[in-house]
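In what follows, a single structure is set out as structure tokens and then discussed.
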Amino acid sequence: MKNIILIGFMGVGKGSVAREVIKLSDYVSVDTDDLIESMENKAVKKIFADSGEEYFRSLEKKVSHWLEKSVKNTLISTGGGFYKQKNLKDIGVVVFLDSSFDKILERINSHPNAVKKLKKRPLLEDLKKARELYNERLPQYKALADVVIDVTDKSALECAKELLSKVKKHG
Ligand code: S3P
């Protein structure tokens, strides 16, 4: 089993899809934001507020090196900006969860914890800027992807099934 590395914009459902994949397979999962939060003993939002985005990106870099060297047979769910790490392809098969920006907002807003979900993501505070960031990143996510899953109007379970079948075919 190769590592699977899940990339995509904030709120697209990386965590939800990862949870379904581990139910359907022998994979266990880790999440780069969770690793960073436990390293720092602080929420991502607080790391941004106390030390800035650049510091957060340096932690992502540290995590990316550790993943490449030390992690096997694992589904790795990533923060929306983690795709910028240069060794992404050396970590595992890159799977991009694709959705329009409006559908992502719809998904977040329909969640019972919508306010909390928006609040914990500093880069979603200004929706105009977030849309610009989405437009800038979209072609980069696509260019990196070995496998693309269009998540539009699909449940996390459906996405997980599609992911496992496409990753298998990818070899
Ligand atoms: C970020 C996405 C967040 C988190 C941080 C920065 C980004 O993760 O890593 O707030 O740059 O897109 P999610 O994609 O899980 O929200």
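It should be emphasised that the depicted structure is a prediction, and the values quoted were computed from it without experimental measurement. Order of appearance sets the numbers: ligands from 1, and atoms from 1 within every ligand.
The line from CZ of Phe82 to CG of Asp33 is 9.5 Å long, rounded to the nearest 0.5 Å.
Looking only at atom types and distance, the side chain of Ser100 has no donor-acceptor partner in the side chain of Asp102 under 3.5 Å away.
Comment: Lys154 engages Glu162 in a salt bridge, judged by a side-chain N to carboxylate O separation of less than 4.0 angstrom. A salt bridge links Glu106 to Lys103: one of the charged nitrogens lies within less than 4.0 Å of a carboxylate oxygen.
For the pair Gly80 and ligand 1, the shortest N or O to N or O distance falls below 3.5 Å. On a distance-only criterion, Arg137 and ligand 1 share at least one N/O pair closer than 3.5 Å.
Interface of Arg121 with ligand 1, defined as ligand atoms under 4.0 Å from a residue heavy atom, comprises 13 (P), 15 (O), 16 (O). In the vicinity of Asp33, heavy-atom distances shorter than 4.0 Å reach the ligand 1 atoms 3 (C), 4 (C), 8 (O), 9 (O), 13 (P), 15 (O). Near Val44, the atoms of ligand 1 lying under 4.0 angstrom from a non-hydrogen atom of the residue are 5 (C), 10 (O).
Counting only heavy atoms of the protein, atom 14 (O) of ligand 1 lies nearest to Lys14 NZ, 2.6 Å.
Using 4.0 Å as the threshold, Lys120 has no heavy atom nearer than that to any atom of ligand 1. Residue Phe56 places a heavy atom less than 4.0 Å from ligand 1.
Between the Glu37 side chain and the Val44 main chain, a donor and an acceptor come within less than 3.5 Å of each other. No donor-acceptor pair under 3.5 Å is formed between the side chain of Thr74 and the backbone N or O of Val71.
In Lys45, neither the side chain nor the backbone holds a heavy atom less than 4.0 Å from any atom of ligand 1. Looking at Arg57 against ligand 1, only its side chain comes within 4.0 Å, counting heavy atoms. Contact annotation for Lys84 and ligand 1: no heavy atom of the residue comes within less than 4.0 Å of the ligand. Residue-level proximity to ligand 1 for Leu133 is absent, since no heavy atom of it falls below 4.0 angstrom.
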With a 3.5 Å cut-off and sequence neighbours excluded, list the donor-acceptor pairs that the side chains of residues 89-99 form with protein atoms.
{"residue": "Lys89", "atom": "NZ", "partner": "Leu144", "partner atom": "O", "Å": "2.8"}
{"residue": "Lys89", "atom": "NZ", "partner": "Asp146", "partner atom": "OD1", "Å": "2.8"}

Evaluate the side chain to side chain donor-acceptor pair (under 3.5 Å) criterion for residues Tyr55 and Glu40: first the C-alpha distance (whole Å), next the side-chain angles of each, then the deciding distance (0.1 Å), finally the verdict. CA-CA 11 Å; Tyr55 178 67; Glu40 295 287 292; 3.0 Å; yes
